[in-house]
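A quick write-up on the structure given underneath.
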Amino acid sequence: MDLAVPPGVEVQCGAGGECPSGARCNAITGLCEFNVGVAAPSTAFVQIGPASGRAAALVHVELDALDSNAPPVGDETVRFKLAYSSDGGTWCEATLIDGGVTVVRAEATRVTLTWDALADAAAGSCGLRAAAIPSGPEDGAGTTSVLAYTSGVRLRLTAEDSGSPVSRSEVISPTFALGNDAPLLTVIDDGAVLRQASPFEYTLVDSSLDESRIEAQFRFEGPTPSPWYSAQVRGSTLGVVADALGAPSNRLLVWNADAPLPSAAGAAGGIGHVNADVSLRVRAIESVFADQPTYGAWSVMTAHVFNQTPPVVGAVEVIKVENGAATSLVFVSYEVIDAEGDDVDVRVERSIAGTDGWLPASAYPSIQHS
């Protein structure tokens, strides 16, 4: 194509990449470039951060770039400079791990830059913050430093070539979010007596409104508290979306206190089978980072578990002994029913025509009862 093109007029590349004589098609912009030897590098953002979730420390920035005077046409290299802003007005230089110097080609080249955003957050620059989150699920697991949640972040990428004179171009990314703050779950402790199915209320707030899963544990209190055991709860515990900070709403879960206890707990049946002071703790866990769950702090409620259902004795039958003497055995059959399935002690009393009141009856030693 040999056309006279007025200065300042943009010319689209043809369907096959054709351009007027002396110009070259820029595969990124789709425009014909004139004065190719001094044309600025072209860049376009492809992806910022992970494909899902948010970056915890390092931010990988993928982009397409080309320089019309780079190999195989020429020998120019390109230096990338990255700046970031959380308000769109103040810009700070981003720390690039790889220095930002790379060789691109005269056709579109995929380039990945690595921004050490956590290092910049530690310096408190341009609104980025660092946060400490638990390193693991265990108590006393220590903390890991990550990016705190920040929304509205933009990147400004400047690409300049090594030509003489230097040519440069600039592109600004759409807004995105970085980092995470731990979700805040609070159990509403109303001093209730816990029973077999014990409802309790809680609130859940989060700066980034992420989904959480809910975890609950319990332990027996006393001079030597027991270990923490997993508590079975009924209700929504997966994919729970938090409320905004400052606008919590009450939510409901039910502790299935009648669920069987671990054998190590040393109590038969469920937690509702005992009379004891018991602590229940609950937390929210997010999976925003690819390899680092965000564990919220435990919220603890201590209450008294009350065994509220007495056992019931039924189907009592006394088997009469026709020729027995005063020391004869009297067989008594019965059934014991207990809603919690507890072990029970059975006491039998006897009375002679109601004249001597009720007195304890002695169990024959060889007879077992439960």
Side-chain angles (χ1 to χ4, degrees), residues 133-144 180-206 210-243 248 250-309 338-343:
I133 63 173
S135 300
E138 305 85 4
D139 294 334
T143 59
T144 299
N180 195 34
D181 295 325
L184 177 60
L185 185 151
T186 303
V187 174
I188 300 174
D189 189 349
D190 57 3
V193 172
L194 298 181
R195 301 182 183 277
Q196 286 170 276
S198 302
F200 63 90
E201 290 184 305
Y202 72 98
T203 60
L204 178 63
V205 294
D206 183 44
D210 294 313
E211 292 186 355
S212 297
R213 63 181 175 91
I214 307 299
E215 180 182 22
Q217 296 180 349
F218 73 92
R219 76 176 181 186
F220 297 101
E221 297 297 344
T224 304
S226 75
W228 289 99
Y229 301 107
S230 177
Q232 294 188 24
V233 293
R234 296 197 295 264
S236 180
T237 59
L238 298 176
V240 181
V241 179
D243 294 317
N250 287 12
R251 303 154 183 257
L252 184 68
L253 286 174
V254 178
W255 180 16
N256 184 17
D258 199 38
L261 289 173
S263 58
I271 193 72
H273 303 175
V274 298
N275 288 298
D277 289 329
V278 175
S279 289
L280 177 71
R281 66 178 186 178
V282 188
R283 67 178 173 185
I285 305 170
E286 294 175 348
S287 297
V288 173
F289 302 141
D291 56 357
Q292 174 74 47
T294 304
Y295 297 93
W298 290 107
S299 180
V300 183
M301 173 182 70
T302 300
H304 186 77
V305 174
F306 178 65
N307 184 347
Q308 76 281 14
T309 307
D338 184 71
E340 293 92 6
D342 299 331
D343 291 338

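In this chain, residues are counted from 1 in sequence order. A quick note: this is a predicted structure, and the numbers were derived from the prediction, not measured.
The salt bridge (Lys or Arg N to Asp or Glu O under 4.0 Å) pairs that include a residue from residues 280-290 are D139-R281, E215-R283, where partners are two or more places apart or lie in different chains.
Among all heavy-atom pairs drawn from Y295 and G136, the shortest one is CE1-C, 3.7 Å. Nearest approach of I214 to Y202, heavy atoms of both residues: CG1-OH, 4.3 Å. Contact detail for F200 and V187: the closest heavy-atom pair is CD1-CG1, 4.3 Å. Between F289 and I133, the shortest heavy-atom distance links the atoms CE1-CD1, 4.2 Å. Residues L280 and A231 share a closest heavy-atom pair of CD1-CB, 4.0 Å.
A search for salt bridge (charged side-chain N to carboxylate O under 4.0 Å, His left out) contacts involving E201 returns nothing, not counting sequence neighbours. Residues passing the side chain to side chain contact (heavy atoms under 4.5 Å, CB included) test with A182, sequence neighbours excluded: T294. Judged as a side chain to side chain contact (heavy atoms under 4.5 Å, CB included), and not counting sequence neighbours, the contacts of L184 are T186, V205. Contacts of A242 classified as side chain to side chain contact (heavy atoms under 4.5 Å, CB included), with partners at least two apart in sequence or in another chain: L204, D206. By the side chain to side chain contact (heavy atoms under 4.5 Å, CB included) test, S236 is found to be paired with V240, residues two or more places apart in sequence or in another chain being considered.
Between S279 and W228, the closest side-chain pair of non-hydrogen atoms falls below 4.5 Å. Residues W255 and V278 are in side-chain contact: their nearest non-hydrogen atoms beyond the backbone lie under 4.5 Å apart. For the pair N250 and I188, the minimum side-chain heavy-atom distance is below 4.5 Å. Two residues are said to be in side-chain contact when any heavy atoms from C-beta on lie closer than 4.5 Å; T203 and D243 fail this criterion.
Atoms CD and CZ, on Q232 and F218 in that order, are 9.0 Å from each other to the nearest 0.5 Å. Separation of atoms CG (L253) and OG1 (T237) is listed at 7.0 Å; rounding is to 0.5 Å.
Using the six-membered ring where Trp is involved, Y229 and F220 have ring planes that are perpendicular, over 60° apart on the 30 and 60° scheme.
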